[in-house]
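Here the structure is a predicted model, which is why all the values come from computation and not from measurement. Within every chain, numbering begins at 1; the chains are lettered A, B, ... in the order of the sequence lines, protein sequences first and strands thereafter. Hydrogens, waters and symmetry mates are skipped; everything else that's a heavy atom, side chains included, is used.
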Amino acid sequence: MGNASSMLTQYDIEEVQEHCSYLFSQQEIVSLYERFCQLDRSAKGFVAEDEFLSIPEYSTNPLSQRLLRMVDGLNFKEFVSFLSTFSARASLQQKIEFIFKVYDIDGKGKVSFKDLVEVLRDLTGSSMSEKQREVLI
Amino acid sequence: MRFYRRDLLDISPVLTEAAGAIVDDSFTRCFKSNSPEPWNWNIYLFPLWCLGVVIRYGLLFPLRFLTLILGWMAFFTAFFPVRFLMNGKNRLKSKIERKLVEMMCSVFVASWTGVIKYHGPRPSSRPYQVFVANHTSMIDFIILEQMTAFAVIMQKHPGWVGFIQKTILESVGCIWFNRNDLKDREVVGRKLRDHVQHPDNNPLLIFPEGTCVNNQYTVMFKKGAFELGCAVCPIAIKYNKIFVDAFWNSKKQSFTMHLVRLMTSWAVVCDVWFLEPQYLREGETAIEFTERVRDMIAARAGLKKVPWDGYLKHNRPSPKHTEEKQRMFAESVLRRLEEN
């Protein structure tokens with residue numbers, strides 16, 4: 001595969017860094033690029049759904065399907081931007097906005113009762129009845 | 001502690017876990033082959049490297065290929081007559097076939113200039129024992145087979161490898177399995193048990209990881225080999241990466257390409273340790289026994305242990321894991337509600 005950073009020029013790294021508001025250091029971006037290339041097995045330029053699901057730790061996460069809708073088909077720049085929310089340096093505002101987007105997965109701009117129940121359903125599966133969930137919310 | 005709605009809605013731990021898995025996970029690490037650092041980057045190293053390439057591809061590879069072809073021809077001219085003309089299952093026939101297979105494997109090893117150091121007592125052929133080893137490539141089998149003709153349990157492969165499996169390996173004793181067939185496991189378990197009990201059978205070699213791993217980690221061992229009620233003799237194999245990375249990434253390369261890569265490298269250097277036979281201890285479960293032997297092999301070969309099932313390389317994890325997480329979350333929520 002070759003040395004990953006040789007495929008990323010300094011210019012590329014700076015562009016990606018700017019796009020994620022400098023939340024990652026250049027070294028971190030290089031490591032993320034290595035990881036991105038490892039996940040994108042057929043070198044398409046984005047990571048497909050089944051490639052994410054082939055990570056066992058990801059696949060067993062209850063919110064994996066919901067997150068997939070946000071992360072599927074992102075190119076590297078967008079991938080880094082997506083992950084930058086999880087950086088310790090990201091603002092609380094950014095993190096809350098992200099959680100909002102996870103709930104409001106169809107991008108209506110507001111979180112409905114249905115969204116809340118859906119997320120709770122993802123988290124509890126068959127261990128809680130629909131009634132219980134609705135009562136809870 | 002009051003249970004706030006906020007606690008219920010705060011999904012950040014779950015999201016962080018998912019993001020963590022995207023960034024790095026211990027499973028894909030097991031199958032990563034580190035790309036070799038290029039050292040030919042300046043004016044006097046580059047011509048040296050070019051010279052190396054010319055020698056490897058122009059001189060070594062043809063010589064090795066020739067050795068391999070001659071070896072195969074010698075093997076077949078001796079093997080087929082013995083196989084089909086000598087009658088029955090007499091001892092002499094088995095002995096000759098065994099020696100021929102060992103010879104053929106030595107030819108293979110020579111074709112990659114294999115430098116293999118064996119440590120520890122050589123395996124002896126007696127019943128009620130099974131050998132287990134960590135798995136990096138199909139060449140593990142060839143390396144061990146050149147020393148003793150083991151019987152082996154293998155996944156059926158297509159192409160010329162399958163042909164060899166069918167014709168030659170039958171003579172040393174082979175058990176077939178199909179990874180994708182669940183019922184197969186019982187049938188195979190029974191065949192294994194039958195095999196170890198018969199004193200005339202060759203010692204059985206099993207790779208309990210079930211898949212090739214990159215020789216830096218070990219994945220979970222399957223406990224089938226440890227439930228046969230006999231001695232388990234661990235074998236640890238460690239390849240020296242400086243010369244060539246012997247990991248066979250079956251998703252990236254066919255076995256033929258893998259062999260070509262080995263034949264165009266300088267050498268295949270590895271250490272093989274035959275460790276002390278282990279027995280199931282008083283009060284130990286099969287799983288504990290499996291883990292104990294895995295610890296031994298990992299410690300000896302300097303491998304890191306990883307708690308994943310090797311078959312996840314080909315299959316998705318069973319939904320039971322997700323269901324378990326969901327159950328735990330649901331229970332904790334309901335419990336906290338009751339407390340209020």
*Write down the atom of A/N61, the atom of B/E17, and the distance for their closest heavy-atom approach.*
ND2-CB, 3.7 Å
*More than 12 heavy atoms of other residues, nucleotides or ligands under 6.0 Å from CG of B/L51: is that the case?*
yes
*Out of curiosity, A/S59 OG to B/D25 CG, how far, rounded to the nearest 0.5 Å?*
11.0 Å
*Check whether more than 12 heavy atoms from other residues, nucleotides or ligands sit under 6.0 Å from atom NZ of A/K114, and answer yes or no.*
no
*Checking A/R66 against chain B: side chain, backbone, both or neither under 4.5 Å from a heavy atom?*
neither
_Criterion side chain to side chain contact (heavy atoms under 4.5 Å, CB included) on B/R29 and A/Q38, from CA distance to verdict_ = CA-CA 10 Å; B/R29 252 185 265 155; A/Q38 192 190 20; over 6 Å; no
_If I measure from the heavy atoms of chain B, does A/L123 come under 4.5 Å with its side chain, its backbone, both, or neither?_
both
*Looking at B/L312, B/T16, B/T28, B/L15, which has the largest count of heavy-atom pairs under 4.5 Å with chain A?*
B/L15
*Please state whether the side chain, the backbone, both or neither of A/F79 comes within less than 4.5 Å of a heavy atom of chain B.*
side chain
*So with a 6.0 Å cut-off around CD1 of B/I287, is the heavy-atom count from everything else above 12?*
no
*Are more than 12 heavy atoms from other residues, nucleotides or ligands located less than 6.0 Å from atom NZ of B/K305?*
yes
_For A/V47, which atoms come within 4.5 Å of any heavy atom of chain B: side chain, backbone, both, or neither?_
neither
_chain A contact via B/D309 - which portion, at a heavy-atom distance below 4.5 Å_ = neither
*Atom CG of A/L83 and atom CD1 of B/I22: how far apart are they, to the nearest 0.5 Å?*
6.0 Å
_B/V14 and side chain to side chain contact (heavy atoms under 4.5 Å, CB included): which single residue from A/L63, A/V119, A/V102 fits?_
A/L63
*Relative to chain A, which segment of B/R316 carries a heavy atom at a distance below 4.5 Å: side chain, backbone, both, or neither?*
side chain
*Distance, nearest 0.5 Å, that separates CD of B/Q326 from CZ of A/R121*: 11.0 Å
*Is the closest side-chain heavy-atom distance between A/R35 and B/V23 below 4.5 Å?*
no
*Which region of A/D122, side chain (C-beta onward) or backbone (N, CA, C, O), has a non-hydrogen atom less than 4.5 Å from a non-hydrogen atom of chain B, or is it both or neither?*
backbone
*asked:* Restricting to non-hydrogen atoms, name the atom on B/T322 and the atom on A/P62 that form the minimum distance, rounded to 0.1 Å.
replied: CG2-CA, 4.0 Å
*Identify which part of A/L53 has an atom lying under 4.5 Å from any heavy atom of chain B, answering side chain, backbone, both or neither.*
both
_Only pairs of heavy atoms separated by less than 4.5 Å count here; which of A/F36, A/Y58, A/F86, A/F98 has the most with chain B?_
A/F86
_Please check if the number of heavy atoms outside B/M257 that lie under 6.0 Å from its CE is greater than 12._
no
*Please round to the nearest 0.5 Å and tell me the distance separating atom CD of A/E57 and atom NE2 of B/H321.*
11.5 Å
*Going through the checks in order, is the salt bridge (charged side-chain N to carboxylate O under 4.0 Å, His left out) test met by A/K95 and B/D10?*
CA-CA 11 Å; A/K95 292 185 199 262; B/D10 183 10; over 6 Å; no
_Part of A/S64 lying under 4.5 Å from any heavy atom of chain B_ = neither
*Do B/R327 and A/T124 meet the criterion of a side-chain donor-acceptor pair at a distance under 3.5 Å?*
no
